[in-house]
Each structure stands twice: as C-alpha cells, then as structure tokens.
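See below for the structure under consideration.
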Amino acid sequence: MPELPEVETIKRGLQNKIVNLKIKDIKVLNPNSFQGDTQKAEKQKVNKVWRRAKVLGLDLDNNLTLLFHLKMSGQLVYQGKRLFVGGHPTQDMKDQMPNRSTRVIFTFSDNSKLYFNDQRKFGWIKLLDQIKDLTFLKDLGPEPLDKSFTVEVLKEKISKRKNMAVKVAIMDQTLISGVGNIYASEACFDAKIDPKKKVGNLSEPEFRALHQGIIKSLEDGITHGGSSRAHFVNAGGEKGYFLDYANVYNREGDLCKRCGGMIKKIQLGGRGTYFCPNCQS
DNA sequence: CACTTGACCTGTCCGC
DNA sequence: TGCGGACAGGTCAAGT
C-alpha cells in the first residue's frame, strides 16, 4: 500500500507506543511473511523506530533490526488500550484481531500486541544485522522530504531516463525513494505535467514544478495520513478509513478541482494512472 | 544499460 | 446466483 506518507505515519504512531517495550513472543502464522529466527528477537527491547523509503525498521537491544515492508496490502495494527491501525485500509480493519489476513503477531511484555496483516502476502518482515545486512538500503534513491533533495538532485537523478514517462520515472525507487502509484499521479497533477510526458521533454520550470509537486503531495499525505489513513479507533472500529482527499487518484470521470476538466484514467508502466488532460500538459 | 512485461498472492467488484 | 475477467497503494526477475 503504503507509500512514504503512510509508512511515516505508522512510524510516528508506533514510536510513541512500543519504544522501550520488550518483545515477549513472536507468532508466525504464515512462514513466508517472516525471514529469520524469531527467537533472536524475543526478550529484546525496542530501542528505535525508523523509516527509510517505504521500509520500516525496529532496532533491538542486541543490534538486530526487524525490517518491515508492507508492499501492496500490508497493515500494522497495534493493540494496547486502544487500536492503532496503519496501512492499506480494508474491511478487515473493523474485525477483531487477529483476522484472516493476520500473518505475524508480536506480543510485548505488557501484553500489548502488534499484528502484521497482509491479505496478498507480498509483504515481509526480516530480522537482520544492523551493521552487515542493512547495506542494501543504500541502493535506494534520496529521501524526497530531506532538505538535500533539491531540484538539481531530482533533475540529475531522473534525467538518465529521458525516454521514460515522468510518472514512471519518479516511481523508480533507485531514483527517488518513497513515491508510489498514488503520490506519483498526485505529484504530476500538482505540477500540471502530463504523467506520460517524457522526462527528456521537461522544461526547467517543469522540473521545478515537479520537485515542488512531489514534496507537496507527500507532505499533504502525511498531514492527511495522520487523520484519515491511519486511525486511533475504539476496539469496535470506526468508519472513515476510505476518506479520499486525492485530487486525481481513483477519480476517473470526476471534474478537475482546478479547471473543471474531466479526470481520465490511463495505463502507464502497467499501473493505473489518473490525470486531467485539460490542465496537465 | 534503458525499458517492458509477467510473476508473486488473495480478495473484491463488475458485466454477462 | 454464478462465473470470468480486470483490478488493487510494490518489487523482483527475466525478457527485448
């Protein structure tokens, strides 16, 4: 699901809840969802919760890290006194935990629980060595919300893909990390750029607009993610998971909020892509 | 190397 | 109601 803003929201939520808690037990319901020896994480305290691109990390006392990737359908549900839910919203979220898509269950020493739910089983959890095994993260492109992510960096990174559609290029995690299918459409809309325009045909002002569009859509996502994508809810659940704030994503046939044109859906790089043909050129 | 396509899974929705 | 196909917020490997 989850793109940068959703994983960031999960990180912030979990930070306040599980740092300093000790993992008592890990129960793996689907073997392929967890790689590593669960026993090495048991009895360990969570020291830090962090995010890199769409990857979430929990640093443990013994210099091991639990890494999470939620892929298309992953969720993390923390059940303490209340429920904290982050990830791709599904109807299952209203269910009691665990539910039929629960793949791994963490129990902490205070008996609170963290459920890893993943309908499509694409997601994973890995237990890795902080020094030796995390080097693969360096293959990821820059974090778009870092100060160091300037227009020049964006241009330098994506310009080697001159024949690639802009929207496809900004989703390439080795060029820029964290932008997925929703925010790629939203960023192009914000920048008034046709998502299928080739990178090589972008003007200087368009590079600047794209840079701002990426940052703005991700920041908006984090702002809304806190209130609409991830929820603190009562155990009985609460509606509102599907609250939709996007300008173009999943809005085929709707009228453009900016110019009144009609939002169109096309395929780009095999992914559904939404834009307003009237004001994105 | 640049770029595309299919595979990985499960579930839901939509048209016949 | 049942069935088939398309589709879903991500990434790999294998292909051209």
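Within every chain, numbering begins at 1; the chains are lettered A, B, ... in the order of the sequence lines, protein sequences first and strands thereafter.
- The same atom, P, is picked in dT11(C) and in dG11(B); the two are 22 Å apart, to the nearest Å.
- Comparing dT12(B), dG10(C), dC9(B) against the side chain of Lys121(A) picks out dC9(B) as the nearest.
- Aromatic ring pairs are classed by plane angle as parallel below 30°, tilted from 30° to 60° and perpendicular above 60°; the pair Phe68(A) and Phe106(A) is tilted.
- When the C1' atom of dC7(C) is taken as reference, atom CD1 of Ile182(A) falls 14 Å away, rounded to whole Å.
- In this structure, Gln119(A) atom CD and dC8(B) atom P are separated by 18 Å, rounded to whole Å.
- Side chain of Lys54(A), nearest nucleotide from dT11(C), dC9(B), dT12(B): dT11(C).
- Comparing the same atom, P, in dC3(C) and in dC8(B) gives a spacing of 24 Å after rounding to whole Å.
- Residue Gln173(A) has no polar side-chain atom (N or O) positioned under 4.0 Å from OP1 or OP2 of dG10(C).
- At a threshold of 4.0 angstrom between heavy atoms, the contacts of Asp118(A) with the nucleic acid are absent.
- Within 4.0 Å (heavy atoms only), Arg271(A) reaches at least one base atom of the nucleic acid.
- In a base pair of the Watson-Crick type (N1 to N3 plus N6-O4 or O6-N4) or a G-U wobble (N1-O2 and O6-N3), with each distance short of 3.5 Å, dC9(B) is matched with no nucleotide.
- The distance from atom CD of Glu3(A) to atom P of dA8(C) is 13 Å, rounded to the nearest whole Å.
- The residue Gly270(A) sits apart from the nucleic acid: no heavy atom pair falls under 4.0 Å.
- In this structure, Leu70(A) atom CG and dC8(B) atom P are separated by 22 Å, rounded to whole Å.
- For His69(A), counting side-chain heavy atoms from C-beta on, the closest listed nucleotide (dA2(B), dG10(C), dG11(B)) is dG10(C).
- A donor-acceptor pair shorter than 3.5 Å can be found between the side chains of Asp61(A) and Asn47(A).
- Counting only N and O atoms by type, the side chains of Glu6(A) and Tyr183(A) include a donor and acceptor under 3.5 Å apart.
- dC9(B) sits 28 Å from dG2(C) when the P atoms are compared, rounded to a whole Å.
- Distance Met72(A) CE to dA7(B) C1': 13 Å, rounded to the nearest Å.
- Following rounding to the nearest Å, Lys265(A) (NZ) and dC14(B) (P) show an atom-to-atom distance of 12 Å.
- Only the P atoms considered, dC1(B) is 25 Å distant from dG10(C), to the nearest whole Å.
- Separating the CZ atom of Arg52(A) from the C1' atom of dT11(C) is a distance of 16 Å, rounded to the nearest angstrom.
- Two residues are said to be in side-chain contact when any heavy atoms from C-beta on lie closer than 4.5 Å; Asn201(A) and Glu206(A) fail this criterion.
- Nucleotides dA8(C) and dC3(B) are separated by 24 Å at their C1' atoms, to the nearest Å.
- Counted by atom type alone, Asn99(A) and Thr102(A) present one or more donor-acceptor pairs between their side chains at under 3.5 Å.
- Atoms NZ (Lys126(A)) and C1' (dG10(C)) sit 13 Å apart, rounded to a whole Å.
- Comparing the P positions of dA6(C) and dT5(B) gives a spacing of 16 Å, expressed to the nearest Å.
- Applying the 5.5 angstrom centroid cut-off and the 30 degree plane-angle cut-off, the aromatic ring of Phe122(A) is not stacked upon the base of dC9(B).
- Between Pro2(A) and Gly74(A), the shortest heavy-atom contact is CG-O, 4.0 Å.
- Between Asn181(A) and dA8(C), a side-chain N or O to OP1/OP2 separation shorter than 4.0 Å is absent.
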